[in-house]
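A quick write-up on the structure given underneath.
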Amino acid sequence: MQTDDADAMLDRMLKGDLSELLSISYVVLANNQVTNRHIERLHDMPVQCWSALLATVTFPGLRARDLMALFPRPQNTLSRALALLQTRGLIEQRPCPQDARAKRLYPTPAGNDVLAVIRQTARQRQEEIFGVLDDTERATFLALCHKIAAGPNMVRSDVMTDQPNRTGIPFDAGVPDARSPRDSGDRGFSSGK
């Protein structure tokens with residue numbers, strides 16, 4: 001089927017054999033395009049930073065490793081996010097009373113203030129997206145999301161293991177300037193506003 005109709009192409013993709021994965025991916029990616037871009041522009045803060053700030057405000061005293069359970073991201077990504085938040089004076093690390101080697105994360109008053117602004121806009125965005133659902137549909141959607149999130153294969157996979165590329169086709173085959181995701185040129189975030 002050849003078409004230039006983006007809506008028809010999206011409809012076909014979302015109803016294909018990968019409909020569940022592609023549907024949730026589309027919702028997440030489309031929202032990220034709007035929400036994260038807004039927060040990055042307004043606060044110069046990528047998603048991993050504002051989500052870490054949200055967790056720190058919600059659970060004062062959590063450990064950095066707790067963030068990985070809440071927002072599955074590579075450890076180095078979370079470490080950079082925490083460094084940026086700390087540099088900007090939005091969070092602080094304090095020694096854990098039970099283990100001086102461990103650090104606990106706490107929001108600063110400035111961190112609480114920044115998150116309040118982000119949270120207000122995010123609530124409006126949430127309503128903008130989910131306003132197409134009635135209360136029953138919203139409750140069903142959330143219950144299903146929670147069930148999937150609590151499932152044993154959400155952050156690991158038996159079928160998608162971290163094995164080397166077995167297709168025999170290099171990632172950048174035929175593309176002279178292609179870079180692997182590990183060589184994206186991203187050397188971290190800016191630390192200023």
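Residue numbers count from 1 along this sequence. FYI, side chains are in, hydrogens and waters are out, and symmetry mates aren't considered; it's all heavy atoms of this structure.
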Using a 4.5 Å cut-off on heavy atoms from C-beta on, say whether the side chain of [Y] contacts that of [X].
X      : Y      : value
Ile129 : Gln126 : no
Ile91  : Thr108 : no
Leu82  : Ser79  : no
Phe141 : Leu144 : no

(request) For side-chain contact (heavy atoms from CB on, under 4.5 Å), just list the numbers for Asp7 and Asp11, CA-CA rounded to whole Å, side-chain angles, deciding distance to a tenth of an Å, and then say yes or no. (result) CA-CA 6 Å; Asp7 290 336; Asp11 185 60; over 6 Å; no
(message) Just by distance, no angles: are the side chains of Ser157 and Asn153 close enough, under 3.5 Å, to form a donor-acceptor pair?
(response) no
(message) Could you check whether Asn31 and Arg125, counting side-chain N and O atoms only, form a donor-acceptor pair closer than 3.5 Å?
(response) yes
(message) Quick check on the hydrophobic clustering: are Leu10 and Leu18 connected, directly or via other members, by side-chain heavy-atom contacts under 4.5 Å?
(response) yes
(request) Is it possible for you to say whether Met13 and Met9 belong to one hydrophobic cluster, with membership spreading through side-chain heavy-atom contacts below 4.5 Å? (result) no
Would you compute the distance between atom [atom1] of [X] and atom [atom2] of [Y] and round it to the nearest 0.5 angstrom?
X      : Y     : atom1 : atom2 : result
Ile118 : His38 : CD1   : NE2   : 8.5 Å
Leu22  : Arg12 : CG    : CZ    : 12.5 Å
Leu105 : Gln86 : CG    : CD    : 8.0 Å
Thr35  : Glu40 : OG1   : CD    : 11.0 Å

(request) Take Arg138 and Asp134 through the test salt bridge (charged side-chain N to carboxylate O under 4.0 Å, His left out) and record every step on the way to the result. (result) CA-CA 6 Å; Arg138 283 173 106 149; Asp134 64 35; over 6 Å; no
(message) Within a 6.0 Å radius of atom CD on Gln75, are there more than 12 heavy atoms belonging to other residues, nucleotides or ligands?
(response) no
(message) If you count every heavy atom of other residues, nucleotides or ligands that lies below 6.0 Å from Gln124 atom CD, does the total exceed 12?
(response) yes
(request) Take Ser19 and Leu14, measure what side-chain contact (heavy atoms from CB on, under 4.5 Å) needs, and give me the verdict at the end. (result) CA-CA 5 Å; Ser19 61; Leu14 299 183; 5.7 Å; no
(message) One pair to check against side-chain contact (heavy atoms from CB on, under 4.5 Å): Glu127 and Arg123. What are the steps and the verdict?
(response) CA-CA 6 Å; Glu127 187 56 40; Arg123 280 190 197 119; over 6 Å; no
(request) Please lay out, stage by stage, how Arg37 and Ile39 fare under the test side-chain contact (heavy atoms from CB on, under 4.5 Å). (result) CA-CA 6 Å; Arg37 186 175 296 159; Ile39 292 170; over 6 Å; no
In a table with atom names and distances, give each donor-acceptor pair under 3.5 Å that connects a side chain of residues 58-73 to protein atoms at least two apart or in another chain.
from	atom 1	to	atom 2	distance (Å)
Thr58	OG1	Leu54	O	2.7
Arg63	NE	Asp66	OD2	3.3
Arg63	NH2	Asp66	OD1	2.9
Asp66	OD2	Arg63	N	2.8
Arg73	NH1	Ser51	OG	3.4

(request) Using a strict 4.0 Å threshold on nitrogen-to-oxygen distance, state whether Arg94 and Glu92 make a salt bridge. (result) yes
(message) Could you check whether any side-chain N or O of Thr56 sits under 3.5 Å from a backbone N or O of Pro107, counting only pairs where one atom can act as donor and the other as acceptor?
(response) no
(request) Heavy atoms only: give me the nearest Leu85-Ala52 pair and the separation to one decimal. (result) CD1-CB, 3.9 Å
(message) Please enumerate all residues that pass side-chain hydrogen bond (donor to acceptor under 3.5 Å, both in side chains) together with Arg101, with sequence neighbours excluded.
(response) Asp99
